[in-house]
Amino acid sequence: MPYTYDDQNIFAKILRGEIPNDTVLETDHALAFRDITPQAPHHVLVIPKGPYVSFDHLAKEGSDAEIAGWTRAVGQVCQMLGVSVDSGDGYRLICNSGAHGVQEVPHLHAHILGGRHMGRMISKS
Ligand code: DGP
């Protein structure tokens, strides 16, 4: 089954400027903004500007420039937040994907969570 992108999802609206956001970084291929319901002192979402539903979608159909641009933006935000491994205490990077990944917004986004110890990765609930 092909990937289907819903251009009415909330992050598409943010990209079009229809909904405000607290921008941390904008580049040619990515937008990073603070999560509306932060789960940690630092909680930033990094999205590609292209219409990709999930990580696997970008990896399969994105151009090298889009993949590199989004990946570089994630790293740049880690540096900006002061959580990078070279100069900070680290972070958790999550891409919830699809039904079993409990993805709520169907536009690829990386959660960068930091500023506290994040505990073990997965609970059984
Ligand atoms: P998930 O799809 O489950 O990986 O998480 C979606 C995240 O998006 C969730 O942490 C809340 C956040 N979110 C949902 N709507 C908005 C919004 O309008 N603005 C911002 N900044 N974040 C949002």
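We use all heavy atoms of the structure for the numbers below, so side chains are in, but hydrogens, waters and symmetry mates are not. Numbering of ligands and ligand atoms starts at 1, following listing order.
Relative ring orientation between Tyr52 and His57 is described as perpendicular, the plane-to-plane angle rising above 60° on a 0-90° scale split at 30° and 60°.
Of the protein's non-hydrogen atoms, Asp35 OD2, 3.4 Å is the one closest to atom 9 (C) of ligand 1. In this structure, atom 1 (P) of ligand 1 lies nearest to the protein heavy atom His109 NE2, 3.2 Å.
When ring centroids are compared, His109 and His107 stay outside the 6.0 Å threshold. Aromatic pair His42/Tyr91: ring centres not closer than 6.0 Å.
Other residues, nucleotides and ligands place no more than 12 heavy atoms under 6.0 Å from the CZ atom of Phe55. Taking a 6.0 Å sphere around CZ of Arg72, one finds it holds 12 or fewer heavy atoms contributed by other residues, nucleotides or ligands.
Of the N or O atoms in Asn96, one or more lie within a sub-3.5 Å distance of an N or O in ligand 1.
Listed by atom number, the atoms of ligand 1 under 4.0 Å from Thr37 heavy atoms are 10 (O), 11 (C). In summary, the atoms of ligand 1 found under 4.0 Å from a heavy atom of Phe11, numbered by their order in the structure, are 8 (O), 23 (C). Atom numbering of ligand 1 starts at 1 in the shown order; those under 4.0 Å from a heavy atom of Val105 are 2 (O), 6 (C).
The closest heavy-atom contact to atom 4 (O) of ligand 1, among the options Glu104, Lys13, His111, Arg34, comes from His111. Ranked by closest heavy atom to atom 22 (N) of ligand 1, the top entry among Ile36, Val102, Leu108, Ile10 is Ile36.
Under the 3.5 Å distance criterion, the side-chain polar atoms of Lys49 are matched with a main-chain donor or acceptor of Thr27.
Using a 4.0 Å cutoff on heavy atoms, Gln39 does not count as a contact of ligand 1. Every heavy atom of Asp22 sits 4.0 Å or more from the atoms of ligand 1.
The side-chain heavy atoms of Arg16 and Asp7, taken from C-beta on, include a pair separated by under 4.5 Å.
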